[in-house]
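One is the number of the first residue; the rest follow in order along the sequence.
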Amino acid sequence: MAERRTGTPPHQAYAAIVGVYVGGLGVAGLAARAFGRNPSCQTTLDFAVLSAASFKAARTLAHDEVTSFLRNPFVQGDAHEGDEEPVESGDVRQAIGELVTCSRCGGTWAAAALATTQILAPRFGRLLTWSLAAAGVNDWLQVGFAAVTKKANGLER
């Protein structure tokens with residue numbers, strides 16, 4: 001369980017971040033209309049792939065060493081080692097730190113970005129989304145394989 005923060009939350013920064021998110025979706029919707037793209041052509045399979053891709057993108061942003069350079073300006077501790085907490089600056093830096101260290105929060109942004117690429121740049125969006133989805137499924141398969149292997153090795157003893 002996360003430690004309870006003692007400072008005042010940066011509500012203005014939260015509002016600005018939500019504004020950027022909603023505004024970005026609005027611009028994407030307008031661009032889709034201007035370019036004649038139809039978001040309703042997405043299927044249930046597209047939704048499932050988008051979900052897996054969002055999971056992988058969010059986990060990568062929030063936890064992987066390879067993206068530590070993105071988190072580093074917004075966290076205290078060593079982002080490379082995974083020992084990090086958002087800075088407690090009471091401003092936009094703290095709000096972004098909270099966003100980039102939370103895989104659920106990042107998943108919301110990843111889903112919006114990936115859905116936008118699928119609509120506005122379908123070839124690139126599909127390639128990106130399917131690649132991330134495959135990597136996300138691979139993560140689950142690796143964990144499952146490790147668990148089965150551990151159980152099987154335990155039974156042999």
Side-chain angles (χ1 to χ4, degrees), residues 1-140:
M1 189 162 139
E3 258 183 52
R4 191 145 178 98
R5 299 191 188 285
T6 57
T8 303
H11 293 293
Q12 287 182 322
Y14 295 159
I17 288 172
V18 170
V20 168
Y21 181 82
V22 172
L25 286 177
V27 168
L30 291 172
R33 179 176 291 244
F35 294 125
R37 303 288 200 270
N38 183 3
S40 66
C41 69
Q42 301 298 303
T43 67
T44 304
L45 177 60
D46 291 318
F47 177 74
V49 172
L50 177 63
S51 298
S54 299
F55 164 80
K56 179 59 180 173
R59 295 287 300 175
T60 299
L61 174 63
H63 300 290
D64 283 6
E65 286 186 36
V66 72
T67 55
S68 62
F69 74 98
L70 294 171
R71 295 187 307 275
N72 203 46
F74 309 105
V75 298
Q76 306 173 110
D78 190 355
H80 184 71
E81 297 294 322
D83 180 29
E84 59 199 65
E85 288 290 326
V87 294
E88 291 195 29
S89 57
D91 62 7
V92 174
R93 238 178 107 219
Q94 177 180 339
I96 293 172
E98 291 171 4
L99 180 66
V100 298
T101 58
C102 171
S103 58
R104 288 185 325 208
C105 306
T108 303
W109 284 75
L114 291 168
T116 297
T117 61
Q118 285 187 333
I119 301 302
L120 297 180
R123 285 190 177 141
F124 173 73
R126 198 166 187 86
L127 177 64
L128 178 60
T129 303
W130 280 80
S131 296
L132 284 167
V137 170
N138 176 61
D139 286 351
W140 284 100

Non-hydrogen atoms of [X] and [Y] that approach each other most closely:
{"X": "Ser40", "Y": "Asn38", "answer": "OG-OD1, 2.6 Å"}
{"X": "Gly77", "Y": "Asn72", "answer": "O-OD1, 4.4 Å"}
{"X": "Gly106", "Y": "Ala58", "answer": "C-CB, 3.8 Å"}
{"X": "Ile119", "Y": "Ala32", "answer": "CG2-CB, 3.7 Å"}

Answer yes or no: is there a side-chain heavy-atom contact under 4.5 Å between [X] and [Y]?
{"X": "Glu85", "Y": "Thr101", "answer": "no"}
{"X": "Ile17", "Y": "Trp109", "answer": "yes"}
{"X": "Ser54", "Y": "Leu114", "answer": "yes"}
{"X": "Asn138", "Y": "Lys56", "answer": "no"}
{"X": "Gln76", "Y": "Glu84", "answer": "no"}

To the nearest 0.5 Å, what is the distance between [atom1] ([X]) and [atom2] ([Y])?
{"X": "Leu25", "Y": "Leu30", "atom1": "CG", "atom2": "CG", "answer": "11.0 Å"}
{"X": "Glu98", "Y": "Cys105", "atom1": "CD", "atom2": "SG", "answer": "8.5 Å"}
{"X": "Leu50", "Y": "Thr117", "atom1": "CG", "atom2": "OG1", "answer": "8.5 Å"}
{"X": "Thr60", "Y": "Phe55", "atom1": "OG1", "atom2": "CZ", "answer": "8.5 Å"}
{"X": "His63", "Y": "Ser68", "atom1": "NE2", "atom2": "OG", "answer": "13.5 Å"}

Practice problem: Take Tyr21 and Leu99 through the side chain to side chain contact (heavy atoms under 4.5 Å, CB included) test and state the conclusion after the steps. | Solution: CA-CA 12 Å; Tyr21 181 82; Leu99 180 66; over 6 Å; no

message = If we ignore hydrogens and angles and just use 3.5 Å, is the side chain of Arg37 paired with the main-chain N or O of Phe35 as donor and acceptor?
response =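 Yes; judged by distance alone, with no hydrogens or angles, the pair exists.
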
Quiz prompt | Any donor-acceptor pair under 3.5 Å from Arg93 side chain to Phe74 backbone | solution = no

- Let me see the working for Asp46 and Arg126 under side chain to side chain contact (heavy atoms under 4.5 Å, CB included), right down to the final yes or no. CA-CA 9 Å; Asp46 291 318; Arg126 198 166 187 86; 3.2 Å; yes

Open item on the list: Within the supplied structure, the quantity of interest is the number of heavy atoms (other residues, nucleotides, ligands) at a distance under 6.0 Å from Phe47 CZ; does it exceed 12?
Closed with: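 Counting neighbours around CZ of Phe47, 12 or fewer heavy atoms of other residues, nucleotides or ligands fall under 6.0 Å, so no.
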
Notebook entry, point to check: Is the count of non-hydrogen atoms from other residues, nucleotides or ligands lying under 6.0 Å from Gln12 atom CD greater than 12?
Noted result: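 For Gln12, atom CD is not crowded (no more than 12 foreign heavy atoms under 6.0 Å).
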
Does any donor atom in the side chain of Arg71 or Thr67 lie under 3.5 Å from an acceptor atom in the other side chain?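 A pair is found: one side chain offers a donor N or O, the other an acceptor, under 3.5 Å apart.
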
Side chain to side chain contact (heavy atoms under 4.5 Å, CB included) assessment of Leu70 paired with Val100 = CA-CA 8 Å; Leu70 294 171; Val100 298; over 6 Å; no

Can Arg59 and Asp139 be counted as an ion pair, charged N to O under 4.0 angstrom?
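Result for this pair is no, no salt bridge flagged.
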
